[in-house]
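Heads up: the structure comes next, in structure tokens.
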Amino acid sequence: MTPNRAFGLDLPDYPWDAMAPYIEEARKHPDGGVNLSIGTPVDPTPEVVQRALRDASNAPGYPTTHGTIELRESISEWYRRRRSVLGLDPADILPTVGSKELVAWLPTLLGLGAGDVVVRPTVAYPTYDMGAHFAGATPVAADSLAELDPGTRARVRLVWLNSPSNPTGAVQDVEALRAMVDAARGLGAMVASDECYAELGWGAWDPAQGGNPVPSILDARVSGGSTEQLLSVYSLSKQSNLAGYRAAFVAGDSAVLANLINSRKHAGMIVPYPVQEAMRAALSDDAHVAAQKDLYRARREQLIPALEAFGLTISASNAGLYLWATAGEDTWLTVRRFAELGIIVGPGTFYGDAGNGFVRVALTGSDERVAAAAARLTA
């Protein structure tokens, strides 16, 4: 008789649970806590999107896994207009239930398993590792495939890129992206590029201020004009305040997308029809994206000098919703010093060993809460 085993997956504790005592400390502040740790949007979902959701709310039938042709055409047009990706076939686009579920399940859906290697950046969103674990593959942290020993390099099946980066805000230019694509293709590996902060470039990556758009992996200057072995992953949570809608998509390699669509049909991984219509409205309206970015730009410009006045040095932070900063001390000491001011920030250690000594400060507080944080840091 087989001995009883515990049911469930043997996974590490969810890292954010470790923040409980610091959150409690911050809440004791007389003016209340300011949560700048998790990048969840706090501003309203645009009315144009809410209206589209309401108008599509009578949806008694099952939606299609592949998404409506109207949605996929709007995504293709968005790639052309906003990402300099021309001629993307709507058949090679798939809506997903937010981008995190795709990140977590992509290695499994690609058929990876024991012996296969998934490469992710040295400082990275932890779900890249979890996706490898779910599939039984091995996650490896590296910023270049040349860093890997020959045995490991030969087993690489998936390479995650994240530009702009969460948490560092670093942006990879066309040359850096192309070098990684060429190296991965040389190994026969897939490259999945998580690009969900692409509309939130700052400085040299802010078109509204005379900068260049953040490049996509599907840009012909990167891809060589072919989507083979390439996937671009995007989410509307950040640019359109749609985190609660779970609205995202993936586009790229024709054969791989066809296989993903078939697998997701079997698994019932489907974006609800009203959400598909909301996505279509969001992707067709650039005005709300620019207005939201202006809000984040103002909060960013207020927080940077305040953090520097508190003794932190800002690193990278060229795009995205976060400031990646260090006080030259242990991460958790910095987290505690912020908590004593009633401010909650994200520990850099959540993003890999290379994040030790850093904290991630989100721009996703209301104007009033960001102003309160800035006042406390500069007092």
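Side-chain atoms of Asn162 come within 3.5 Å of backbone atoms of Asn166 as a donor-acceptor pair (strictly under, hydrogens ignored). No donor-acceptor pair under 3.5 Å is formed between the side chain of Thr122 and the backbone N or O of Ala142. Listed for the Ser223 side chain is a donor-acceptor partner under 3.5 Å among the backbone atoms of Asp219. The backbone N or O of Ser237 lies less than 3.5 Å from a partner atom in the side chain of Ser235, making a donor-acceptor pair. For Ser315 (side chain) and Ala325 (main-chain N/O), no donor-acceptor pair under 3.5 Å exists by modelled atom type. Of the possible polar contacts, one joining the Arg153 side chain to the Leu148 backbone as a donor-acceptor pair under 3.5 Å is found. Put simply, the side chain of Thr168 gets close to the backbone of Ala170: a donor and an acceptor are under 3.5 Å apart. Formation of a donor-acceptor pair under 3.5 Å by the Ser76 side chain with backbone atoms of Glu73 is not found in this model. Between the Glu277 side chain and the Tyr273 main chain, no donor and acceptor come within less than 3.5 Å of each other. Of the possible donor and acceptor atoms, one in the side chain of Glu195 sits under 3.5 Å from a partner among the backbone N and O of Ile217.
Between Glu340 and Arg337, none of the side-chain N atoms (NZ, or NE/NH1/NH2) sits under 4.0 Å from a carboxylate O, so this pair counts as no salt bridge. A salt bridge links Arg82 with Glu199; the closest basic N to acidic carboxylate O contact falls under 4.0 Å. Ion pair Arg120/Asp129 flagged as a salt bridge, since at least one NZ, NE, NH1 or NH2 atom sits closer than 4.0 Å to an Asp/Glu carboxylate oxygen. A salt bridge is absent between Glu228 and Arg185: the closest approach of a Lys/Arg side-chain nitrogen to an acidic carboxylate oxygen does not fall below 4.0 angstrom. The existence of a salt bridge linking Arg246 and Glu101 is excluded, since no basic side-chain nitrogen approaches an acidic carboxylate oxygen closer than 4.0 Å.
In this structure, Val140 is not a member of the same hydrophobic cluster as Met190, with clusters built from ILVMFWY side-chain heavy atoms closer than 4.5 Å. In terms of hydrophobic clustering, with Ile, Leu, Val, Met, Phe, Trp and Tyr side chains grouped at heavy-atom distances under 4.5 Å, Leu36 and Ile314 are assigned to a common cluster. Using a 4.5 Å cut-off between side-chain heavy atoms of Ile, Leu, Val, Met, Phe, Trp and Tyr, with links allowed through other members, Val345 and Trp16 fall into the same hydrophobic cluster. Residue Met180 is not grouped with residue Leu231 when hydrophobic side chains (ILVMFWY) are merged at heavy-atom distances under 4.5 angstrom, including chains of intermediate members. Follow the hydrophobic side-chain contacts under 4.5 Å out from Leu112 and you reach Trp160 in the same cluster.
In terms of heavy atoms, Ala248 sits closest to Ser99 at CB-N, 3.4 Å. Shown here for Ala319 and Val171, the closest heavy-atom pair between the two residues is CB-CG2, 3.6 Å.
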| What's the verdict on side chain to side chain contact (heavy atoms under 4.5 Å, CB included) for Asp116 and Thr138, showing C-alpha distance, side-chain angles and the deciding distance? | CA-CA 6 Å; Asp116 294 327; Thr138 302; over 6 Å; no
| request: Could you please spell out the steps behind the side chain to side chain contact (heavy atoms under 4.5 Å, CB included) verdict for Gln292 and His288? | output: CA-CA 6 Å; Gln292 184 61 47; His288 79 270; 5.8 Å; no
| query | Hey, mind stepping through Leu242 and Val49 against side chain to side chain contact (heavy atoms under 4.5 Å, CB included) and telling me if it holds? | reply | CA-CA 9 Å; Leu242 291 189; Val49 178; 3.6 Å; yes
| task | Dump the intermediate steps for side chain to side chain contact (heavy atoms under 4.5 Å, CB included) on Arg264 and Thr96, then the final yes or no. | result | CA-CA 10 Å; Arg264 291 171 71 90; Thr96 64; 3.7 Å; yes
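One finds the CZ atom of Arg360 at 7.5 Å from the OG atom of Ser37 (value rounded to the nearest 0.5 Å). In this structure, CG on Leu145 lies 11.0 Å from OG1 on Thr152, to the nearest 0.5 angstrom. Interatomic distance, Thr45 OG1 to Glu47 CD, rounded to the nearest 0.5 Å: 10.0 Å. With rounding to the nearest 0.5 angstrom, the OG atom of Ser193 is 9.0 Å from the CG atom of Leu230. Here the straight-line distance linking atom CG of Leu200 with atom CG of Asp206 works out to 9.0 Å at 0.5 Å rounding. Note that the CG atom of Leu109 and the CG atom of Leu102 stand 7.5 Å from one another [nearest 0.5 Å].
Remark: Asp353 CG is loosely packed, at most 12 non-hydrogen atoms of other residues, nucleotides or ligands lying under 6.0 Å away. Atom CZ of Arg336 has 12 or fewer neighbouring heavy atoms from other residues, nucleotides or ligands inside a 6.0 Å radius. Within 6.0 Å of the CG atom in Asp31, the count of heavy atoms belonging to other residues, nucleotides or ligands exceeds 12. Other residues, nucleotides and ligands contribute more than 12 heavy atoms inside 6.0 Å of the CZ atom of Arg299.
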Determine all donor-acceptor pairs shorter than 3.5 Å in which one atom belongs to a side chain in residues 84-93; sequence neighbours excluded.
from	atom 1	to	atom 2	distance (Å)
Asp89	OD1	Ala91	N	2.9
Asp92	OD1	Ser254	OG	3.2
Asp92	OD2	Ser254	OG	2.8

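Using a 4.5 Å heavy-atom threshold, the side chains of Leu363 and Val370 count as separate. Proximity of Leu106 to Tyr128: side-chain heavy atoms (C-beta onward) are nowhere separated by under 4.5 Å. Side chains of Met19 and Val335 form a contact here, defined as non-hydrogen atoms less than 4.5 Å apart. Contact of the Arg300 side chain with the Leu323 side chain is registered, since non-hydrogen atoms from C-beta on lie closer than 4.5 Å. When side chains are defined from C-beta on, Asp286 counts as touching Arg81, because their heavy atoms get closer than 4.5 Å. Under the 4.5 Å side-chain criterion, counting only non-hydrogen atoms from C-beta, Val191 is not in contact with Gln229. A 4.5 Å side-chain heavy-atom check between Gln276 and Arg280 finds every atom pair outside the cut-off.
Taking the ring-ring contact (aromatic ring centres under 6.0 Å, His included) definition, one finds that Tyr322 meets it with Tyr197, sequence neighbours left out. Trp105 is linked by a ring-ring contact (aromatic ring centres under 6.0 Å, His included) to Phe134, counting only residues two or more places apart in sequence or in another chain.
In this structure, Tyr234 has its ring center under 6.0 Å from that of Trp78. Aromatic ring centres of Phe310 and Phe338 lie closer together than 6.0 Å. Less than 6.0 angstrom separates the ring centroid of Trp332 from the ring centroid of Tyr22.
Between Phe249 and Tyr79, the angle of the ring planes goes over 60°, which puts this pair in the perpendicular group of the 30/60° scheme.
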